[in-house]
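Notes for the one structure printed next.
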Amino acid sequence: MAGGTAAGTPSRSDRVLAIIGPTASGKSAVALGVAGRAGGEIVSADSMQVYRGLDIGTAKPSPEERHRIPHHLIDVADPAESFSVATYQSLARQALRAINCRGRLPVVVGGTGLYVRALLYDYDFSPPGRDPALRSELEEQAGSAGPPALHCRLRQVDPQAAARIHPNDARLIIRAIEVWETTGKPLSSTWGFLEPLYDALIIGLRLSRDEMYRRIDERVDAMVAMGLVDEVRRLVALGYTTALVSGQALGYKEMVGYLDGSTSLEVAVAAIKRSTRNYAKRQMTWFRREQGVVWLDGPGSEGGPLVDYILGLAAAKWGQSY
RNA sequence: GCCGCGGUAGCUCAGUUGGUAGAGCAGCGGACUGAAAAUCCGCGUGUCGCCAGUUCAAUUCUGGCCUGCGGCA
C-alpha cells in the first residue's frame, strides 16, 4: 500500500518548501543554504540518489553536508533493487510528516519530476506493483508482434488509458495492461483531478540553455576528476549491471562501455555529457507545466542571494521569520 | 610527382541509371501515475568542394582546380 500508513498520511497544514529545476541548476546548494538557515531538513526527490554506492555520478550530497543538515530519501535502496515512485511516495510522505511534527521545515529538492508531483499531489498508487512474470511475457509480445498490437489489446480493456498512451510506448502500455490483468480494473480508473496535499511553496530554478549545457559539461568533467571511473568499476565488480534500474543512471551506463574496452574514455565522457543534456531538456519539459511554481534565475549557490530571497518568500507565506 | 578513394544538413554517412536530395546522431518542441537519469512522439533547403563545358535541365556526365586520406615513388 502506497501512502496508506498512518505515519505517512499528510496533513494539509504540513508545510513544505520544494526546490525544483534541471540538473546542474544549483538547487542542492540553494537547498543547503535554505535548510541551514531555516532549521530545515532536506528530502531528496531523485530517482537515482536513492541507490547506495551511486555517489559521484548522481551528485549526491557529501558526508559532511549530510552530517550538517539531515537528508532523507538518499541511500534507501540497494542498486540491485528496482525502486519505484510508489515506494518513494510512501517514504517521502512519512518523512514530511515527521519533519513537520518536529517543528522543522522540510525542503524537498530534486530533479525527478514524477517523484515531486507524486509527493505533492494525491497521485493514486493503490493498484499492485510489478508482476515480473506477466511483464516479461508482455515484453516478449511487444518484441515479436510490436507495441501497437499490445496497444490494440489495451484499447479493448481501457480505452481511456489507450488514448493517452502512444501505440509505440511499450513500457507504458505494459504497465496499463498489467494493472488490468492483476486487478480487473482499468488503470485509468485511478486517474482523476490531482489535489495538492501540502501547504507548499514551490521554487523553480532555471538557466539559459547555453549556461545549462556549459555547466553540465563542467560538472561531468568534475565528476571524472573526482573518481567516477573508479566508482563505476567498483559497482561493476560487485556484480551490478546496466540491466538494473540503477545501472541506467547517467554516467554509469556510458562508463561501462569504457570499462569493458568498447570505447575510449573520451568517447564515454562525451556520451555522458550528451545524455545529461538530453535529460536536462526533458526535465525542463516536465517542470514547465508544473503549477504554482515561482521561477527564479539560477544558478543557485549555498550562500548566494537566492537563499535570502527564498527565505523572504517563505517568511511572507507562513508569517514567520526564517 | 604518380595511382586509388573521398569532399552532400552542426557531425557520421546514404542517394540521385541527369529532372536541385534523405537517414542516424545532435538541436528544438512535446507527452509521460509503479524502470521516470526510464520510455515514447513531432519538427530536415542544405551555394550536394570550386570553376568551366555538354544538355531544355547537372549535385548526378566531361575537363580543370582546390582539399582530405591511403598506396607507389
Side-chain angles (χ1 to χ4, degrees), chain A residues 1-3 22-24 44-51 54 57-60 77 79-91 110-132 134-136 139 142 147-148 150-151 158 160-161 163-179 182-183 186-194 209-210 212-213 216 219-220 223 242-255 267 270-290:
Chain A
M1 278 301 280
T23 188
S44 167
D46 185 301
S47 68
M48 289 298 164
Q49 289 187 0
V50 299
Y51 294 110
L54 280 69
T58 63
K60 209 175 271 178
E81 291 177 51
S82 293
F83 198 76
S84 82
V85 218
T87 308
Y88 175 79
Q89 184 190 53
S90 173
L91 295 175
T112 304
L114 179 62
Y115 281 22
V116 174
R117 208 177 281 168
L119 174 58
L120 266 24
Y121 294 86
D122 62 340
Y123 267 56
D124 179 4
F125 291 117
S126 61
R130 308 177 181 85
D131 180 332
L134 178 59
R135 273 199 189 189
S136 53
E139 276 161 17
L150 282 182
H151 187 262
D158 188 352
Q160 277 193 61
R164 268 168 68 165
I165 301 173
H166 187 96
N168 283 341
D169 201 339
R171 183 165 294 184
L172 300 186
I173 295 167
I174 287 171
R175 159 85 297 225
I177 293 178
E178 180 179 49
V179 170
T182 55
T183 67
L187 172 64
S188 59
S189 70
T190 66
W191 296 347
F193 290 109
L194 296 174
R209 198 53 67 88
D210 284 351
M212 188 167 87
Y213 287 175
I216 285 170
R219 191 156 85 152
V220 170
M223 286 174 178
T242 54
L244 296 164
V245 173
S246 62
Q248 288 298 301
L250 295 171
Y252 297 86
K253 57 172 178 263
E254 298 87 351
M255 203 55 94
V267 168
I272 295 170
K273 290 175 178 173
R274 174 175 47 70
S275 44
T276 304
R277 284 187 232 113
N278 294 163
Y279 170 55
K281 192 166 126 34
R282 267 179 278 136
Q283 287 179 299
M284 284 312 297
T285 298
W286 181 287
F287 289 139
R288 265 196 288 255
R289 70 194 314 239
E290 206 62 45

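Below, chain A is the first sequence line, B the second, and so on; all start at residue 1.
The side chain of A/Met48 has B/A37 as its nearest neighbour among B/U33, B/G27, B/A37. Listed nucleotides B/A35, B/A37, B/C28 differ in distance to A/Arg209; the shortest reach to its side chain belongs to B/C28. Candidate nucleotides B/U33, B/A26, B/A36 were compared by shortest atom distance to the side chain of A/Arg274, and B/A26 ranks first. Set against B/C32, B/A37, B/C41, the side chain of A/Asn168 has B/C41 as its closest nucleotide. In the set B/A35, B/G30, B/G27, B/G30 carries the atom at the smallest distance from any side-chain atom of A/Thr285. You'll find that the side chain of A/Tyr213 is closest to B/C28, out of B/C28, B/A37, B/G27. The side chain of A/Trp191 lies closest to B/U33, out of B/U33, B/G27, B/C40. When distances run from any side-chain atom of A/Glu139 to the nucleotides B/A36, B/A35, B/A26, the shortest one goes to B/A35. Of the listed nucleotides (B/C40, B/G29, B/U33), B/C40 has the atom at the smallest distance from the side chain of A/Asp169. Of all nucleotides listed (B/A35, B/C41, B/G30), B/C41 comes nearest to the side chain of A/His166.
When the P atom is used for both B/C51 and B/G42, the distance is 39 Å, rounded to whole Å. The P atoms of B/G44 and B/G22 are separated by 10 Å, rounded to the nearest whole Å. A distance of about 23 Å separates the P atoms of B/A57 and B/G64, rounded to the whole Å.
The distance between atom CZ of A/Phe193 and atom C1' of B/U33, rounded to the nearest whole Å, is 16 Å. Remark: C1' of B/A35 and CG of A/Leu114 are 11 Å apart, rounded to the nearest angstrom.
Contacts of A/Thr276 with the nucleic acid, taken as non-hydrogen atoms under 4.0 Å apart, are absent. Across all strands, A/Gly113 comes closer than 4.0 Å to no nucleic acid atom at all (heavy-atom distances). Across all strands, A/Arg289 comes closer than 4.0 Å only to sugar-phosphate atoms, never to a base (heavy-atom distances).
The heavy-atom pair separating A/Val50 from A/Asp46 by the smallest distance is CG1-O, 3.5 Å.
Looking at heavy atoms from C-beta onward, A/Arg219 lies in side-chain contact with A/Thr23 at the 4.5 angstrom threshold.
Look at A/Tyr115 and you won't find any side-chain N or O under 4.0 angstrom from OP1 or OP2 of B/C32.
Under 4.0 Å is where a charged nitrogen must lie from a carboxylate oxygen, and between A/Arg130 and A/Glu178 no such pair does.
Listed by first residue number, the stems of RNA chain B with at least three Watson-Crick or G-U pairs below 3.5 Å are B:1-7 with B:66-72, B:10-13 with B:22-25, B:27-31 with B:39-43, B:49-53 with B:61-65.
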For a quick test of your reading: what N or O donor-acceptor pairs under 3.5 Å do the side chains of residues 243-254 of chain A make, sequence neighbours left out?
unit_1	atom_1	unit_2	atom_2	d
A/Ser246	OG	A/Pro79	O	2.6
A/Gln248	NE2	A/Thr242	O	2.7
A/Tyr252	OH	A/Gly57	N	3.1
A/Tyr252	OH	A/Glu231	OE2	2.4
A/Lys253	NZ	A/Gln248	O	2.8
A/Glu254	OE1	A/Gly251	N	2.7
A/Glu254	OE2	A/Ser275	OG	2.6

